Asker: 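My questions will all concern the structure given below.
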Amino acid sequence: MADCIFCKIIKGEIPCARIYEDDTVLSFLDIGPINPGHALVVPKAHYATLLDAPDDILQACVAVSRKIARSIIKSVGADGLNLLQNNYRAAGQLVDHVHFHLIPRHKGDGFMTGWPAKSYPPGELDKVLGKIRENLE
Ligand code: 5GP
Ligand code: ZN
């Protein structure tokens, strides 16, 4: 993908703070970190979202994510870590090359403090559950 910023990083056309790479996956520091050590894990092949990438590629990304997560937690003395993955604009995806955020967390750091949980109106849970089961492929 000629105009994809992560493809450019993968090809070395744009520099990055590289943490790790193998034949399938690259990990580098996010240029706009939520906290120091915030990293991204991306497949080297271009897929726009989680829905587009094949299972084996995603499995490789998750395995590398765990490896990097361990190192980040140790390196920055994090109290926790979020693995975050955005798909489509409505969910906050700005770069259309599937990626996993590894965000080290510290008590009281203020990130994602609210989790606006809702409840189902009567009958709604079963309706949604039925549709999701029907649409499984
Ligand atoms: P999204 O909102 O798509 O899930 O996240 C995209 C992330 O990519 C953002 O956190 C942003 O800071 C990061 N990013 C965008 N451009 C660059 C870049 O050129 N280099 C690096 N290292 N990170 C980038
Ligand atoms: Zn790309």
Side-chain angles (χ1 to χ4, degrees):
M1 291 293 284
D3 56 351
C4 171
I5 193 125
F6 288 173
C7 282
K8 286 182 181 160
I9 287 175
I10 290 156
K11 282 189 267 175
E13 292 171 9
I14 292 178
C16 74
R18 184 169 53 88
I19 298 171
Y20 170 88
E21 73 179 307
D22 58 30
D23 290 346
T24 315
V25 179
L26 173 68
S27 178
F28 52 96
L29 289 177
D30 193 304
I31 206 165
I34 297 294
N35 283 319
H38 177 172
L40 299 171
V41 172
V42 306
K44 285 189 170 175
H46 181 92
Y47 302 99
T49 75
L50 183 77
L51 293 313
D52 304 300
D55 288 353
D56 58 337
I57 299 283
L58 295 172
Q59 283 158 8
C61 287
V62 171
V64 168
S65 293
R66 187 169 66 160
K67 176 186 175 75
I68 308 296
R70 286 195 179 112
S71 177
I72 292 173
I73 289 170
K74 215 167 146 182
S75 303
V76 302
D79 302 313
L81 181 135
N82 289 109
L83 176 61
L84 186 66
Q85 206 282 310
N86 302 326
N87 300 285
Y88 308 120
R89 294 290 175 272
Q93 182 178 14
L94 295 174
V95 177
D96 294 334
H97 181 128
V98 62
H99 53 279
F100 296 78
H101 291 263
L102 295 170
I103 305 174
R105 300 297 307 278
H106 304 277
K107 283 176 197 139
D109 66 14
F111 179 58
M112 285 204 308
T113 46
W115 186 269
K118 303 177 179 69
S119 54
Y120 288 101
E124 188 66 15
L125 184 148
D126 284 333
K127 216 166 97 184
V128 172
L129 178 63
K131 279 190 190 164
I132 294 172
R133 285 184 176 164
E134 262 172 45
N135 285 313
L136 281 178
E137 285 171 9

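Bear in mind the structure is a predicted one, so any value in this text is a computation, not a measurement. Positions are given from 1, in the same order as the sequence printed here. Atoms within a ligand are numbered from 1 in the order they appear, just like the ligands themselves.
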Asker: If you measure only the distance, is there a donor-acceptor pair under 3.5 Å linking the side chains of Asn135 and Glu137?
Answerer: no
Asker: To the nearest 10 degrees, how large is the angle at the Zn ion (ligand 2) between His97 ND1 and His46 ND1?
Answerer: 100°
Asker: Quick test of your reading of the model: are Lys131 and Asp126 salt-bridged, counting only N-O distances below 4.0 Å?
Answerer: no
Asker: So, do Ile72 and His38 sit near enough that their side-chain heavy atoms are less than 4.5 Å apart?
Answerer: no
Asker: Checking the side chain of Arg105 only, and the main-chain atoms of Phe111 only, is there a donor and an acceptor separated by less than 3.5 Å?
Answerer: yes
Asker: Would you check if Val25 and Val42 make a side-chain contact, meaning some heavy-atom pair closer than 4.5 Å?
Answerer: no
Asker: Do His101 and His99 have their ring centres less than 6.0 Å from each other?
Answerer: yes
Asker: Hey, what's the angle at the Zn ion (ligand 2) spanning SG (Cys4) and SG (Cys7), nearest 10 degrees?
Answerer: 120°
Asker: State plainly whether one hydrophobic cluster holds both Leu84 and Ile73, where clusters connect Ile, Leu, Val, Met, Phe, Trp and Tyr through side-chain heavy atoms under 4.5 angstrom apart.
Answerer: no
Asker: Could you pull out every protein residue that has a heavy atom closer than 4.0 Å to ligand 1, ordered by chain and then number?
Answerer: Ile5, Phe6, Ile9, Phe28, Leu29, Asp30, Ile31, Gly32, Leu40, Asn86, Gly92, Gln93, Leu94, Val95, His99, His101
